[in-house]
Amino acid sequence: MTDKFPALNNNKVVQQLSTQTPLFWPNPHRLPASEGLTLVGFTLADVQDAADRLQRFAPLIAEAFPESRARGGIIESDIVCIPAMRQALAQQGPLQGKLWLKKDSHLPISGSIKARGGIYEVLMLAEKLALTSGEFSEQDDYRQLLTPHFRQLFGRYKIAVGSTGNLGLSIGIMGATLGFQVIVHMSSDAREWKKQRLRDHQVTVIEHQNDYSVAVEQGRQTAADDPYCFFIDDEHSSTLFLGYAVAGLRLPAQLAEKGITVDAQHPLCVYLPCGVGGGPGGVAFGLKLAFGDAVRCYFAEPTHSPCMLLGLSTGYHEAISVQDIGLDNHTIADGLAVGRASGFVGRAMASLIDGCYTLSDQRLSDLQLLLHHSENIQLEPSALAGMQGPLWIGNDPSKLSHATHLVWATGGSMVPQEEMQRYLEMGNLP
């Protein structure tokens with residue numbers, strides 16, 4: 001199967017992955033949350049610090065982005081019950097409990113889960129530069145950072161990032177709003193409309209004919225030669241990770257508002273589409289901090305790009321890529337088209353994640369059409385990866401009749417209508 005990793009030639013999980021056979025992998029290394037959380041390298045205090053920083057920036061965000069004003073400049077999304085979709089899925093296999101959707105697809109500013117970590121890292125950089133200038137303090141009105149004076153300060157610096165699209169959008173839009181020079185290295189999988197939207201915000205887009213890993217490496221190398229250029233590293237950034245984790249701390253209050261109980265008898269099962277791993281890893285970390293063992297977190301990946309499942313199941317993490325086992329890393333789920341997982345996230349979450357699973361591109365398209373047909377909700381293909389999860393674990397009778405299934409919708413609200421229509425035409429209803 002692979003000359004580089006001969007020990008894997010008889011590995012049944014790798015064999016299934018290499019033939020693009022959808023599978024569910026329960027994590028045999030999972031520990032109780034009380035133990036696993038101590039191995040991550042971060043604490044509740046670290047995530048609370050990130051939440052506090054986002055609160056300080058809320059007035060600035062509300063002023064710069066009118067769509068965020070309903071929540072006072074807090075970048076957060078709704079959770080909605082999707083009973084018609086649950087009924088449709090229940091006709092395809094066992095499914096106990098209620099089905100909900102976390103609409104990060106409709107987050108303000110950039111319309112994807114990346115609005116959490118990406119925007120947070122830009123804000124943290126801006127705060128650091130402003131404080132270092134000696135002309136600003138944490139007690140000042142953060143809206144001052146939108147004035148020409150501070151925009152001129154930020155304009156001396158560049159921000160670079162490698163992206164398949166959504167992370168680049170969040171960093172590009174936020175960075176440009178504050179006056180930074182932003183350079184986004186886009187992989188071959190990135191959609192043309194995402195590139196154009198960045199250019200509309202005066203963001204420099206550099207296109208690469210290779211996949212995500214190459215785009216990231218090129219961005220990293222370019223930034224290394226420029227002392228005024230900050231590289232936001234999706235593969236290794238603890239700042240991104242903590243920005244994503246804030247979502248986990250906010251979810252208990254949202255669920256309580258909906259009358260949803262989460263405890264040992266009423267587990268919360270969360271399904272997170274996974275590319276390089278930062279977004280789902282950070283969110284899962286926050287959820288485990290908030291709910292402990294009452295939450296079960298699962299990563300969902302396309303059969304063409306199962307980098308996190310491959311890295312976790314073999315223990316090789318970033319040392320192995322999907323290309324090493326004969327896969328092409330070409331998928332309709334552009335946000336998940338990542339061949340090599342973040343070793344930082346893989347190791348941090350190795351004892352906390354409950355499992356991973358894969359699904360085909362056609363299944364993504366079918367689920368996309370089914371959600372549109374049943375609930376009139378439009379998501380991009382990547383965001384539908386989580387929708388298969390409740391069926392994978394539906395045969396587990398362990399208290400699931402009282403479970404809440406939460407599918408994390410990672411993007412879709414900014415997809416142009418003509419492109420969304422093309423996506424929907426690729427799906428088939430049962």
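A quick note: this is a predicted structure, and the numbers were derived from the prediction, not measured.
Aromatic rings of H402 and H266 (six-membered ring for Trp) have centroids within the 6.0 Å cut-off, being under it. Between Y157 and F230, the distance separating the two ring centers is shorter than 6.0 angstrom. Aromatic ring centroids of F344 and F241 lie under 6.0 Å apart.
Atoms CG and CG, from L145 and L153 in turn, are 9.0 Å apart once rounded to the nearest 0.5 Å. Taken to the nearest 0.5 Å, the CG atom of L95 stands 5.0 Å off from the NE2 atom of H405. Here the CG-CG distance, from N376 to L371, works out to 9.0 Å after rounding to the nearest 0.5 Å. In this structure, the separation between CG on L309 and OG1 on T303 is 11.5 Å, given to the nearest 0.5 Å.
In the model, D141 has no side-chain atom that pairs as donor or acceptor with a side-chain atom of Q139 under 3.5 Å. Looking only at atom types and distance, the side chain of S382 has no donor-acceptor partner in the side chain of E380 under 3.5 Å away. Between the side chains of S305 and N329, a donor-acceptor pair is found at a separation under 3.5 Å. A side-chain N or O of Q196 and one of D200 form a donor-acceptor pair less than 3.5 Å apart. Residues Q181 and T204 have side chains that never bring a donor and an acceptor to within less than 3.5 angstrom of each other. A donor and an acceptor atom, one from each side chain of H304 and D328, are located under 3.5 Å apart. A side-chain N or O of E217 and one of Q221 form a donor-acceptor pair less than 3.5 Å apart. Residues H149 and E135 bring a donor and an acceptor atom of their side chains to less than 3.5 Å of each other.
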Quick one: do E63 and R69 satisfy salt bridge (charged side-chain N to carboxylate O under 4.0 Å, His left out)? Show the steps, please. CA-CA 8 Å; E63 179 162 320; R69 290 174 186 168; over 6 Å; no
Take F57 and Y142 through the ring pair (Phe, Tyr, Trp, His ring centres under 6.0 Å) test and state the conclusion after the steps. CA-CA 6 Å; F57 269 99; Y142 273 60; 4.8 Å; yes
Candidate pair R151 and L146, rule side-chain contact (heavy atoms from CB on, under 4.5 Å), full reasoning: CA-CA 6 Å; R151 282 180 53 83; L146 292 171; 5.6 Å; no
Before you tell me yes or no, could you show the steps for M308 and V345 under side-chain contact (heavy atoms from CB on, under 4.5 Å), namely the whole-Å CA-CA distance, both residues' side-chain angles and the distance that decides it to 0.1 Å? CA-CA 9 Å; M308 185 59 74; V345 174; 4.2 Å; yes
The test is salt bridge (charged side-chain N to carboxylate O under 4.0 Å, His left out); show your working for E121 and K128 and say whether it passes. CA-CA 11 Å; E121 182 144 0; K128 179 181 178 181; over 6 Å; no
Show the numbers, then the answer: is there a side-chain contact (heavy atoms from CB on, under 4.5 Å) between N166 and I113? CA-CA 8 Å; N166 286 343; I113 188 175; over 6 Å; no
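Between R116 and E76, at least one side-chain nitrogen of the basic residue sits less than 4.0 Å from a carboxylate oxygen of the acidic one, meeting the salt-bridge criterion. Under a 4.0 Å N-O distance rule, the pair E419/K194 does not qualify as a salt bridge. We find that K114 and D234 are joined by a salt bridge, their nearest charged nitrogen and carboxylate oxygen being less than 4.0 Å apart. In this structure, R53 pairs ionically with D49, as a charged nitrogen and a carboxylate oxygen lie closer than 4.0 Å. A salt bridge does not link E235 with R340: every distance from a Lys NZ or Arg NE/NH1/NH2 to an Asp or Glu carboxylate oxygen is 4.0 Å or more. Salt-bridge check for K288 with D354: passed, with a basic side-chain N closer than 4.0 Å to an acidic carboxylate O. A salt bridge is defined here as a Lys NZ or Arg NE, NH1 or NH2 lying under 4.0 Å from an Asp or Glu carboxylate O, and K103 with D78 fails to meet this definition.
With respect to L406, the side-chain contact (heavy atoms from CB on, under 4.5 Å) criterion is satisfied by exactly one of L268, L287, L99, V295: L268.
Classification of the F136-F150 ring pair by plane angle, with boundaries at 30° and 60°, yields perpendicular.
Inter-residue side-chain proximity for F65 and I173 is flagged as met; some heavy-atom pair is nearer than 4.5 Å.
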